[in-house]
Amino acid sequence: MMQSNDGWIKTTCAYCGVGCGVEARPNMSGELEVRGDKSHPSNYGKLCTKGIALGDTVIHDGRLLAPIDKRTAGGEELDWHSATQIIADNFSKAIKEHGPDSVAFYVSGQLLTEDYYVANKLIKGFLGTANIDSNSRLCMASSVVGHKRAFGSDTVPVCYDDLEQAELVVLVGSNLAWCHPVLFQRLRSAKQNNPSLRVVVIDPRRTDSCDIADEHLALNSGSDVALFNGLLTHIAEHGCLDDEFVSNHTNNAKQALDQAAQESDIESLTGLSQEQLQRFYQDFVTTDKVITVYSQGVNQSTTGSDKVNSIINCHLATGKVGKEGTGPFSVTGQPNAMGGREVGALANTLASHMEFDKPEHLALVSNFWGTENLASKPGLKAVDMFDAMAEGKIKAVWIMATNPMVSLPDSEKIRKALETCEFVAVSDCIADTETTRMADIVLPAQGWSEKSGTVTNSERRISRQRRVMPSPGMAKPDWWIISQVAQKMGFGEAFDYLHEGEIFREYAALSTQGNQNGERDFSLIGLTQLDDKGYSQLLPQQWPVTELQSEVVNQRLFSDKQFYTPDRKANFVPVRHSAPKSVTSEAYPLLLNSGRTRDQWHTMSRTGLSARLGEHKSEPYVQIHPHTANEYRVQNGQLVLVSSAQGKCQVRAEVTSEVSPGQLFIPIHWNNLTAKDAKPCDLIAPYTDNASGQPEFKHTPVTLQPCLYQSAALFTSRHVMDFDKLDYWARQKIEHGYLYRIESTLSVYELAQQLKSHLTGESDRIASYESGMSGLKHRFVSVVNDKVSQEVYVQPRLSETDISSIIENFNRHVDSAQESVFPDESQLVS
C-alpha cells in the first residue's frame, strides 16, 4: 500500500480521462480528506472542483448494500452465492436455448482495468460471444477507428508534456476548461510561461476554454471535415507538405489530397469567413510544433471517424506527429476508457490490441486463456445491442457500472429493450437509478475509495486506484462478482483469482503474446514479473512498458516514423464532408448540442451527493441565444420545453450569446431521479457513425416553447422526496439534506396546500406563514428535535434571495420557547 507515515494513501481520481493522482485519508470523524498528489505526472498536485470534492461523495446515501432479487414482491435480499447462481443459471439457459449471441454485457469506463479484463475474458473467451460493449462507445469509439485506419493501431501518440512544449494548441470540439480542467490548467500555465504559445478553439459554442484562446472559430455544427479538408488543400497548394515524411512513411497521400481538393464552398459549410480560415491555415502550416486536442465534439457524430481522420491527415501531411510538442491528441472522457480499449472491452476488438480479423491473434488469445470457445467475430455495438434486446434477440444482459437508461440515445427505446429482455442484471454502487429500476437482479459493487486496481489515462499512463475506505454492506469488487458467476458456469479454473494483482499480471502477460519484438503498440512486458508487493506499490507507468518505470517517463510514439500497419507506414484516409444524418425541418428548426457542465459528472449518482458541487449549476438548463429567445418568447430564467421527434425535455432557460442563433446547448447530467422530465437523451435520435457505432449527441433538430406555470416553490428536507405528480421539480444536494425547486400550473394556494401535505408526521411542530389577504406567499416549517427538518416556501415567482434564505434556515436550531421559526417574517400563524 502506498501510504505515508501520516496516513495519506495514493490513489487516482474517479472522474475524467486526465487521471489525476490523489492522496486521501479518513479523518477522526470518519470523513475522507482529499488532496492532489504532487508526485503524480498527470497533475502534480492540481485538482479540479470535482476532484477536490471527492471526499463529499463517499457518504452512504442511496447505496446498494446487498444483492436484491427484484422479481420478488418487495425485493428479496440475497446472499452472494444465491445471487451469482441466479445470473449463472439465466445466462446458461439463454445460451443453451438460443446460442451464445443471445447474451450480452454492457460495461463502463468506470470499471477498473482488472474488472474490465475479467468481464471481457468471460464473455469472449468462455461464453463464446463478443456481445460486450462499453459506454466508451459513446465517448471515444470514433477515435479508435480513426487511429486504427491511420496508424494501424489504436495509438494515442502524444503526452501531456507536449502541451507545454507546443507552439500552437488547437482545441477542436473540446471544452477542456470544464471537461478536463487540470489539463486546461496546465495549458493555461504553459501559455503564461510562453506568451508566444497560441491557442485556437474550434467549437460552435463559446466556452470557458475560450478564455485563453487567441482565436475562437465558431464553425457550423458538423462541418469539421470541410474545415480540415480545406487545411489539407492549403498545405498542398502552399508547398507546405513534408515531402520526405509523406513519400517515405505514408500511403494514400494523393488520394486524400485529391478528395480534399474536391471540397467546395468551405466558407458556407463552416460559416467561417475567408479571413478566419486563412489565418488558421497559416498558423497551422507556419508553426513547427502543433498539437490538435479533440474530444466529444469530434467523436460524437455520425461522421466522427472521418472527422478524426481529417485531423490526422493534416498532421501526417506536415510531418507533425511523433515529435515533441506535436500530434493529434484524443483526450478520453472517462477515468478508464483507455483501459477498456486495452483489454478489448469493445464489441469489435478482441483483447490487448489484437483483432478478430487476424487468425494468428485468435490463436494467441485462445491458447493463452486455455479455451476452445473463443468468439471469432465482432459482437454488437451499444446501440445495435439494445436494438437486438428490443427485438427479442438478446435474452440476458448484464449491465455494469453504467446507466444506459439515461446515457444512451432515445431513452424510450432503451426502456423497451430492457422490458423485452428476459433477464436483466445490473451491478452498481447506487440502489436507485433509472437502470436499476429495470433490473431483475441488482448487485452491490464497490465504489471509488473502496475498490482497488488500475486505470489508464489519456496519455497511456497506468495508475493505481487504491482502497481507502471500507465497503458498506455486502459490496464487492466487480472482478470478484464476475468470477463467482464464471465459476458457477463451470469455468472455475480460469477465474480462480485471489486478488486483483493476479489479474493484472495475467493481463500484462497477455499483452506480450506474439509481441516480443514490439509488433503491437500495447505491451506491458516490463510488468509481467510484478509480485504482490510490487503491484501494491506500483508507480504510474506509461505504456508501452518495456521495463518497470521507477521514475516519470514521457514516451512519444512514432518518433521512429514506424507505424503498426503491415508496411509500417501511416495511412492517409480520404474523407469528404457529409451532412449529419439528422436535419432540421419546419417542425424542428433549431439545433441542440449536448455536453458536460463543470461540476457534475455523467448521471450525477456520485457528484450529486456533494453540496458544494451542486452550487455551480443547480438545475437542468438550456443555453439559448438572445435572438432565439426573443423569437420564441422565452425569458431568461423561465422554464422551457425542448422537443424533438424522439421526446421532450424540461429545462431552465439561460439566455446567453455563448451559443449561436438557432442553436441550443443542454448538459447531459440530469435525469428522472434528479429532475422531472429533464433528461436530454429523451431528445437524441439513435443515429450512429457507420464505422464506429458512436451516436450523434451534438446535432439534434428540436423546437422550443416556454412553460406557463402559475406558481413556484422551494422545499428542503433531510430525505429524498417524491414529487413526480407535480409539473416540474429539480433536486439539489445541500448540507445534511436536499433542496427541491418546484413549479406548477396550480395556483399558489393550491400548490402550497399540496406541498404542506408532504411534511412528515414526525414533526414536533409545524409553523405556517401566509402573506396578507392575497395569499401569494406561503411558508411552512417542520421542526424536529428543535431543528428545522423541512421547509416549504411558495410564491408566484422565486428569487436567488429566497433560495439563499431557505438554505440558511434549513437545520437551524430553534429553541422551543422561541416565538417564530421565521427570523425574516413578522406575520405568523401556528
Side-chain angles (χ1 to χ4, degrees), residues 12 17-21 39-44 113 140 143-144 146-148 150-166 169 180 182-183 186-187 190 245 249 288-293 312 315-316 319-332 336-339 341-343 352-353 454-464 504 507-508 510-512 515-530 538-565 568 570:
T12 312
V18 177
C20 292
S39 67
H40 198 287
S42 295
N43 59 313
Y44 295 109
T113 300
M140 303 311 298
S143 281
V144 175
H147 291 157
K148 288 166 73 171
F151 305 141
S153 59
D154 178 19
T155 307
V156 177
V158 303
C159 312
Y160 294 163
D161 186 60
D162 287 312
L163 290 171
E164 281 112 357
Q165 308 305 320
V169 175
H180 302 89
V182 170
L183 272 191
R186 290 184 64 166
L187 178 58
F245 178 81
H249 303 290
D288 290 333
K289 295 181 177 182
V290 181
I291 283 191
T292 304
V293 178
I312 294 175
H315 279 270
L316 292 177
K320 291 171 180 168
V321 64
K323 301 175 184 176
E324 181 182 85
T326 64
F329 189 11
S330 157
V331 288
T332 51
N336 204 28
M338 182 75 79
R341 289 149 69 178
E342 293 163 7
V343 305
S352 195
H353 285 204
T454 57
V455 293
T456 308
N457 73 1
S458 294
E459 62 166 351
R460 314 183 316 279
R461 201 174 300 278
I462 298 168
S463 298
R464 283 296 316 274
F504 185 86
Y507 156 70
L510 177 58
S511 76
T512 71
N515 198 21
Q516 284 73 22
N517 298 312
E519 289 86 353
R520 299 193 306 278
D521 59 342
F522 177 66
S523 173
L524 302 181
I525 192 169
L527 303 178
T528 54
Q529 301 305 311
L530 279 180
L538 187 67
L539 297 173
Q541 308 282 308
Q542 189 182 46
W543 64 258
V545 185
T546 55
E547 56 184 40
L548 182 66
Q549 298 164 7
S550 57
E551 58 185 26
V552 175
V553 169
N554 285 305
Q555 302 180 87
R556 293 166 186 87
L557 297 185
F558 309 141
S559 58
D560 59 358
K561 302 178 183 179
Q562 298 295 297
F563 299 87
Y564 292 96
T565 57
R568 310 296 279 182

A.B. asks: Can you find a pair of side-chain heavy atoms, one from Leu183 and one from Val293, that are under 4.5 Å apart?
C.D. replies: no
A.B. asks: Stepwise, does the side-chain contact (heavy atoms from CB on, under 4.5 Å) test hold for Leu548 with Leu527?
C.D. replies: CA-CA 6 Å; Leu548 182 66; Leu527 303 178; 3.5 Å; yes
A.B. asks: Looking only at heavy atoms, which two atoms of Pro328 and Phe151 are closest? And how far apart?
C.D. replies: CG-CZ, 4.2 Å
A.B. asks: Do you know the tightest heavy-atom contact between Leu530 and Phe504?
C.D. replies: CD1-CE2, 4.0 Å
A.B. asks: Quick check: does any side chain N or O of Ser523 sit under 3.5 Å from a backbone N or O of Thr512, one acting as donor and the other as acceptor?
C.D. replies: no
A.B. asks: Rounded to the nearest 0.5 Å, what's the gap from NE2 on His180 to CZ on Arg186? Could you check?
C.D. replies: 13.5 Å
A.B. asks: Could I get the full list of side-chain contact (heavy atoms from CB on, under 4.5 Å) partners for Asp521, not counting sequence neighbours?
C.D. replies: Ser153, Thr155, His353, Trp543, Tyr564
A.B. asks: Thinking salt bridges, do Lys323 and Asp288 make one under a 4.0 Å N-O criterion?
C.D. replies: no
A.B. asks: Measure the CD-CD1 distance between Glu164 and Ile291 for me, rounded to the nearest 0.5 Å.
C.D. replies: 9.5 Å
A.B. asks: Drop me the distance from Thr454's OG1 to Leu538's CG, to the nearest 0.5 angstrom.
C.D. replies: 8.0 Å
A.B. asks: For residues Pro544 and Gln555, report the shortest heavy-atom separation together with the two atoms involved.
C.D. replies: O-NE2, 3.0 Å
A.B. asks: For the side chain to side chain contact (heavy atoms under 4.5 Å, CB included) test, which of Asp162, Val321, Thr326 pairs with Arg556?
C.D. replies: Asp162
A.B. asks: For Glu519, give me all partners under side-chain contact (heavy atoms from CB on, under 4.5 Å), at least two apart in sequence or on another chain.
C.D. replies: Asn515, Asn517
A.B. asks: How close do Arg341 and Val144 get, counting heavy atoms only, and between which atoms?
C.D. replies: NE-CG2, 3.4 Å
A.B. asks: Between Gly146 and Ile312, what is the shortest heavy-atom contact and its length?
C.D. replies: O-CD1, 3.9 Å
A.B. asks: Quick check: are there more than 12 heavy atoms from other residues, nucleotides or ligands sitting under 6.0 Å from CD of Gln562?
C.D. replies: yes
A.B. asks: Can you find a heavy atom in the side chain of Gln165 that is under 4.5 Å from one in the side chain of Asn554?
C.D. replies: no
A.B. asks: What's the verdict on side-chain contact (heavy atoms from CB on, under 4.5 Å) for Ile462 and Met338, showing C-alpha distance, side-chain angles and the deciding distance?
C.D. replies: CA-CA 9 Å; Ile462 298 168; Met338 182 75 79; over 6 Å; no
A.B. asks: Please find the pair of heavy atoms, one from Asn457 and one from Gly17, that lie closest to each other, and give the distance.
C.D. replies: CB-O, 3.2 Å
A.B. asks: If you measure from CD on Glu324 to SG on Cys159, what distance do you get to the nearest 0.5 Å?
C.D. replies: 9.5 Å
A.B. asks: Below 4.5 Å, heavy atoms only, C-beta onward: do Glu342 and Ser511 meet side chain to side chain?
C.D. replies: no
A.B. asks: Evaluate the side-chain proximity of Pro540 to Ser42: yes if any heavy-atom separation is below 4.5 Å, no if none is.
C.D. replies: no
A.B. asks: Check whether any side-chain heavy atom of Phe522 sits under 4.5 Å from a side-chain heavy atom of Asp154, and report yes or no.
C.D. replies: no
A.B. asks: Using the ring of each side chain (for Trp, its six-membered ring), is Phe245 parallel, tilted or perpendicular to His249, with breaks at 30° and 60°?
C.D. replies: tilted
A.B. asks: How long is the straight-line distance from OG1 of Thr528 back to OH of Tyr507, given to the nearest 0.5 Å?
C.D. replies: 13.0 Å
A.B. asks: Under a 3.5 Å threshold, yes or no: a donor from one side chain and an acceptor from the other, between Ser458 and Thr332?
C.D. replies: yes
A.B. asks: To the nearest 0.5 Å, tell me how far Thr456 OG1 sits from Gln541 CD.
C.D. replies: 11.0 Å
A.B. asks: Give a yes-or-no answer on whether the side chains of His40 and Ser463 include a donor-acceptor pair shorter than 3.5 Å.
C.D. replies: yes
A.B. asks: For atom CD of Gln516, is the number of surrounding heavy atoms from other residues, nucleotides or ligands below 6.0 Å larger than 12?
C.D. replies: yes
